[in-house]
Amino acid sequence: MYQYDEFDREFVEQRAKQFARQVERRLAGELPEDKFKPLRLMNGLYLQLHAYMLRINVPYGCLSSEQMRKLAHVSRLYDKSYGHLTTRQNMQLNWIRLVDMPEILNELASVNMHGIQSSGNCIRNITADEYAGVAADEIEDPRIYCEFLRQWSSLHPEFSFLPRKFKISVTGSPNDRAAVMAHDIGLRLYKNEEGESGFEVFVGGGLGRTPFVGKSIRTFLPTEHILSYCEAILRVYNQLGRRDNKYKARIKVLVHETGIDKIRELVEAEWESIRDGALNLPEEDIALIRARFTPPRYEAPLDSEDELKALREKNPDFDRWVDQQLAEHKQPGYSIVNISCTPIGKPPGDISSDQMEAVADLADLYSMGELRVTHNQNLVFTDVRRQDLFKLWQALVEIDLETANHGLITDTICCPGLDYCALANARSIPVAEKISNAFADHERQKEIGEIYINMSGCINACGHHHVGNIGILGVDKKNSELYQLMLGGSAKEDASIGKILGRGFDEDGIVTAVENVVDTYLEIRTDGETFIETHRRVGDDPFKERLYGASPKTR
Amino acid sequence: MTPSKKGFTVPLLKQGKVADDTFVRIGDEDPLPDQGDVIVGLSRWQADRDELTRHKGSLGVELAVGESPSEIEGDLAHFDVIALDFPAFSDGRAFSSARLLRERHGFQGEIRAVGDVELEQLHFMARVGFDSFLIESDDPEKDWTTAQADLDLWYQPTEDGHTTVRQKRRR
């Protein structure tokens, strides 16, 4: 992964000191809350229902074992001995005291971590494909460009007080694991017919109250222009984005109200004026950044396949785990390993300090000291030798991280909900746990196959419910929690927004409703069809009929 | 001189020092004084440009948020000062305006931040081209020193003369 140089380190240290000074001014009463708020948000500090929450950036999901150990330490010392992995590949600590913040930021800065711009109306942490750099299906490694974007967006003097938050996501694979079309800017790195690298640029995607799939603003942007093109988009947005209504302030609304063609015209005109300026990335600068990514030390593979096969035959649990959690590595003899932090019946994305520490040690032993946070709130070991798989699995069993549910129905995305969040209208974690328990049986999960349940406790959609194959939205109706069901969303390269099916359900009703939807799918699917494929073929009707009785149209 | 909301005069911070503010902000309906330095709004400038260009004294224009620098791009030679308004701490439109005035339109005069101007934004403002600030503060010079001491590493190239991290790396 990227190794900070002296400048990157110094920058984070300066920033930590600056925030300590700002906290001091706040505590001394020199800075009123309305002015302190944007500043603390720009350092990742959020005021929740019961306490401050600190959101710590994990740049494009990449984390070293040393950093993970520090997170274990910080969460143990300053929080309640656990952390929460977020859909933006960050880690949140939910019980922070303001007075501890300067010390926490110092601790984090010592391992090059921080909360800069993990919140607030600025360019947020850049996210990326969790398999970036190692996936067999990758066309080009997007991390170098993520790193340029990270640096360019850090304390940008022009774009730190935007109309609203701004999220950028990058993929270098045709199989989109970064939900790029659900972002303010989505970037898809690929090679054109001439073999040159460039990005397809999407703009105006996003979830929240008014969900939109991103629209293609440029089909091919040579990589050297990535920063100037993003700057052009941000400049147009900073000037024209709505500031009269925070619910209409995201760029998706500007794109929707202005029209993508007009936005393209404005952005391209802006870009023409700056495209060959100081933001251009010459090959020598790219080489400098590339050189700061530690090259993986791959070894010639041992032939361990026979042994692996024998171990799988002997250990059905291990067999299941291998079958479910592995992804294809570009390097022979290696595997990408998904580590589920969404065990059956537990809060999705929570990880204890002890688990963090243990996982850090395992990453040193089995993944070259590196791991990733995924937008599905799980972890990934990027570089595991196949001969180590069994040892790794045994170690994961010891720390309760061996759940084999990657991409299955219990691998839900879920926001913190009313248990933590000041914005939430309904609890989400307890409902996700109930659904998870209802589908706990592994054989049943396998039978159902690939399906994504996403759940949010309010319309702000932190749980990405619009792009779940099954989306659940918790609302407050006459002081009781009600859960709406939507079908047909997808966060992948075929991105789509789900639609609400009908009237909502109470907490237990929604669990039954999900089971009924799944049973209906199992009855009507054709061979090899995933849930989303079936839904796209038949639409909502069969599901509606099962849940609400025959509609007049079909009667 | 600009009275603050609290009634006293808001100090002008320029090159790190509190400076005399020779400019008077003239409202759209106010009579133009016979002489002296004045700042007018965009609509006054557009309505009375002939009278204003003959005015004895320095001239400035103030752009409200939403008023684009391109509206005055052909008139820049008339202005000694362009004031850009921050209606709220969180409204960052004027950051883009300042950069466009400096980097796109080549304005060399004073760019003044007015409105909700606070210590915590001074370093951003200076980077995008502001060089004077009407800042409601007990000690603007201390604010400036504090802001300058906070950060001296920047990743983004602007035309403020700062060396960026990328340039430092190339050395």
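Within every chain, numbering begins at 1; the chains are lettered A, B, ... in the order of the sequence lines, protein sequences first and strands thereafter.
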- Could you tell me whether the side chain of A/H156 reaches within less than 4.5 Å of the side chain of B/R127, counting heavy atoms only? no

- Please look at A/L41 and chain B and tell me whether the side chain, the backbone, both or neither of the residue comes under 4.5 angstrom of a heavy atom of that chain. neither

- Select, from A/N121, A/D8, A/L162, A/L240, the one with the greatest count of heavy-atom pairs under 4.5 Å involving chain B. A/D8

- Query: With a 4.5 angstrom heavy-atom cut-off, which part of A/D5 approaches chain B: side chain, backbone, both or neither?
  - Reply: side chain

- Message: Quick check on A/K35 against chain B: is it the side chain, the backbone, both or neither that has a heavy atom closer than 4.5 Å?
- Response: both

- Query: Are the charged groups of B/K168 and A/E6 less than 4.0 angstrom apart, N to O?
  - Reply: no

- Sort by residue number and list every member of residues 155-164 of chain B having a non-hydrogen atom under 4.5 Å from chain A. B/Y155, B/Q156, B/P157, B/T158

- Note on the structure: One should read off an interatomic distance between B/D150 CG and A/R21 CZ, to the nearest 0.5 angstrom, of 4.0 Å

- Message: Under a 4.0 Å threshold between the charged nitrogen and the carboxylate oxygen, would A/E158 count as salt-bridged to B/R99?
- Response: yes

- Query: Below 4.5 Å, heavy atoms only, C-beta onward: do A/E30 and B/L119 meet side chain to side chain?
  - Reply: no

- Please state whether the rings of A/F161 and B/F89 are parallel, tilted or perpendicular, taking 30° and 60° as the class boundaries. perpendicular

- Message: Can you tell whether the side chains of B/R169 and A/D285 come within less than 4.0 Å, N to carboxylate O?
- Response: no

- Message: Tell me whether the count of non-hydrogen atoms from other residues, nucleotides or ligands lying under 6.0 Å of CD in B/Q15 goes above 12.
- Response: no

- Message: Is it the case that over 12 heavy atoms from other parts of the model lie below 6.0 angstrom from the CG atom of A/D244?
- Response: yes

- Message: Taking side chain as everything from C-beta outward and backbone as N, CA, C, O, which of these in A/F19 sits under 4.5 Å from a heavy atom of chain B? Side chain, backbone, both or neither.
- Response: neither

- Report yes if some heavy atom in the side chain of A/L288 is under 4.5 Å from a heavy atom in the side chain of B/R166; otherwise report no. no

- Message: Among A/D34, A/N280, A/I274, which residue has the highest count of heavy-atom pairs closer than 4.5 Å to chain B?
- Response: A/N280

- Would you mind telling me which of A/P163, A/S154, A/G277, A/G241 has the largest number of heavy-atom pairs within less than 4.5 Å of chain B? A/S154

- Measure distances from A/L31 to the heavy atoms of chain B and classify the residue's part below 4.5 Å as side chain, backbone, both or neither. side chain

- Item | Crowding at CD, A/E284 (>12 non-hydrogen neighbours, <6.0 Å) | yes

- Item | B/S90 side, atom OG; A/R243 side, atom CZ - distance, nearest 0.5 Å | 7.5 Å

- Spacing of CD belonging to A/E13 relative to CG belonging to B/L153, to within rounding of 0.5 Å: 10.0 Å

- Query: What residue, out of B/E120, B/R170, B/M125, has the most heavy-atom pairs lying under 4.5 Å from chain A?
  - Reply: B/E120

- To the nearest 0.5 Å, atom OG of A/S160 lies from atom CD of B/Q121 at 9.0 Å

- Message: Counting only heavy atoms from other residues, nucleotides and ligands, does the tally under 6.0 Å from CD of A/E33 exceed 12?
- Response: yes

- Is there side-chain contact between A/Q239 and B/L100, with heavy atoms separated by less than 4.5 Å? yes

- Interface moiety of A/L39 toward chain B, non-hydrogen atoms closer than 4.5 Å: side chain

- Correct closest heavy-atom pair for B/S96 and A/R235 would be OG-CG, 4.1 Å

- Message: Taking every non-hydrogen pair under 4.5 Å, which of B/L151, B/V128, B/D152, B/V165 racks up the most with chain A?
- Response: B/L151

- Task: Go through the atoms of A/R150 and report whether side chain, backbone, both or neither lie under 4.5 Å from a heavy atom of chain B.
- Result: side chain

